[in-house]
S.K.: 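Here it is, the structure, as structure tokens.
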Amino acid sequence: MIDAATGWTDDRVELLTKLWGEGLSASQIAAALGGGVTRNAVIGKVHRLGLSGRAKPGQNAAMRPAKARPVVPTPPQLEGGRTPPRDPEQLMRPTVVADDRWPVEEVEIPVSQRVSIMELRDTTCRWPLGDPSKPDFAFCGGRAVTGLPYCAHHCRIAYQPAAERRRLRA
DNA sequence: CCCTGATTCGC
DNA sequence: GCGAATCAGG
């Protein structure tokens with residue numbers, strides 16, 4: 001194990017810096033980082049890094065009053081209306097984790113809370129589940145992190161730390 | 001009540 | 001260095 005959850009590893013700091021620079025709020029970044037990191041931890045780190053004092057509070061794309069279309073950061077797959085793989089099994093398991101040995105907690109998504117596209121609210125996690133071409137297609141339906149399209153769990157998957165092969169070499 | 005970042009201060 | 005608690009605010 002590579003002390004991931006403990007302390008700020010290079011890639012976590014990297015992601016923090018990147019997302020902060022993109023204007024995401026501390027809580028949003030905390031959700032993306034996962035590992036029990038709180039927004040306070042993020043803010044504290046931001047200050048220690050001297051990243052504080054961002055441009056303008058509220059000018060962030062992800063925080064703006066969602067008008068026309070909500071900003072969808074990094075859908076691992078299924079972007080656009082494109083229908084990627086035909087294999088339902090693959091769709092059910094967005095293995096974005098790929099080569100990373102990132103400790104993404106395996107949390108089962110309660111099928112019971114899944115919602116259809118009609119039931120999506122702005123605070124509903126839009127993580128796609130299932131085959132879009134089939135009737136059983138639905139979305140995660142969890143409580144999305146404010147300003148982001150996904151719940152905390154799916155944020156961790158959507159916002160993976162920059163692939164750093166540097167350490168992977170080990 | 002939801003959220004925001006800023007600061008303090010014991011660890 | 002870290003982050004919970006707290007503060008000040010929207």
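The chains referred to below are lettered A, B, ... by the order of the sequence lines, with proteins before strands, and numbering in each begins at 1.
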S.K.: Measuring to OP1 and OP2 of dA4(C), would you say a side-chain N or O of T38(A) lies under 4.0 angstrom away?
M.R.: yes
S.K.: Atom NE2 of H47(A) and atom P of dA6(B): how far apart are they, to the nearest Å?
M.R.: 3 Å
S.K.: I need the CH2-C1' distance between W8(A) and dG1(C), as an integer number of Å.
M.R.: 12 Å
S.K.: Among dC3(B), dG5(B), dG3(C), which nucleotide has an atom closest to any side-chain atom of T146(A)?
M.R.: dC3(B)
S.K.: Quick one: which protein N/O atoms are closer than 3.5 Å to N/O atoms of nucleotides 9-11 of chain B? Pair and distance per line, please.
M.R.:
none

S.K.: Can you tell me how far the CZ atom of R126(A) sits from the CG atom of L148(A), to the nearest 0.5 Å?
M.R.: 11.5 Å
S.K.: With distance as the sole criterion, do the side chain of R39(A) and the base of dG3(C) form a donor-acceptor contact below 3.5 Å?
M.R.: no
S.K.: Given atom CD of Q28(A) and atom P of dC2(B), what is their separation to the nearest angstrom?
M.R.: 17 Å
S.K.: For the pair made of CG in N40(A) and P in dC3(B), what is the distance, rounded to whole Å?
M.R.: 13 Å
S.K.: Rounded to whole angstrom units, what separation is found between the CD1 atom of I43(A) and the P atom of dT6(C)?
M.R.: 16 Å
S.K.: Roughly how many Å is it from CG in L51(A) to C1' in dG5(B), rounded to a whole number?
M.R.: 13 Å
S.K.: Determine, stepwise, if the pair F137(A) / D131(A) fulfils side chain to side chain contact (heavy atoms under 4.5 Å, CB included).
M.R.: CA-CA 5 Å; F137(A) 176 71; D131(A) 189 331; 5.8 Å; no
S.K.: For S52(A) and dG5(B), is the shortest distance between a side-chain N/O and OP1 or OP2 below 4.0 Å?
M.R.: no
S.K.: For the residue pair G35(A) and R156(A), what are the closest heavy atoms and their distance?
M.R.: N-CD, 4.4 Å
S.K.: Is I43(A) reachable from L33(A) through a run of I, L, V, M, F, W or Y residues, each pair having side-chain heavy atoms under 4.5 Å apart?
M.R.: no
S.K.: To the nearest 0.5 angstrom, please state how far the CD atom of E22(A) sits from the CD atom of Q28(A).
M.R.: 11.0 Å
S.K.: Please work out which of the three classes, parallel, tilted or perpendicular, describes the rings of W127(A) and Y150(A), given edges at 30° and 60°.
M.R.: perpendicular
S.K.: Please check the phosphate of dC2(C) (OP1 and OP2 only) for any side-chain N or O of K45(A) closer than 4.0 Å.
M.R.: yes
S.K.: In whole Å, I'd like the distance from the CZ atom of R48(A) to the P atom of dG5(B).
M.R.: 15 Å
S.K.: Find the distance between CG (L16(A)) and CG (D11(A)) and round it off to the nearest 0.5 Å.
M.R.: 11.5 Å
S.K.: Round to the nearest Å and state the distance from R143(A) atom CZ to dC1(B) atom P.
M.R.: 15 Å
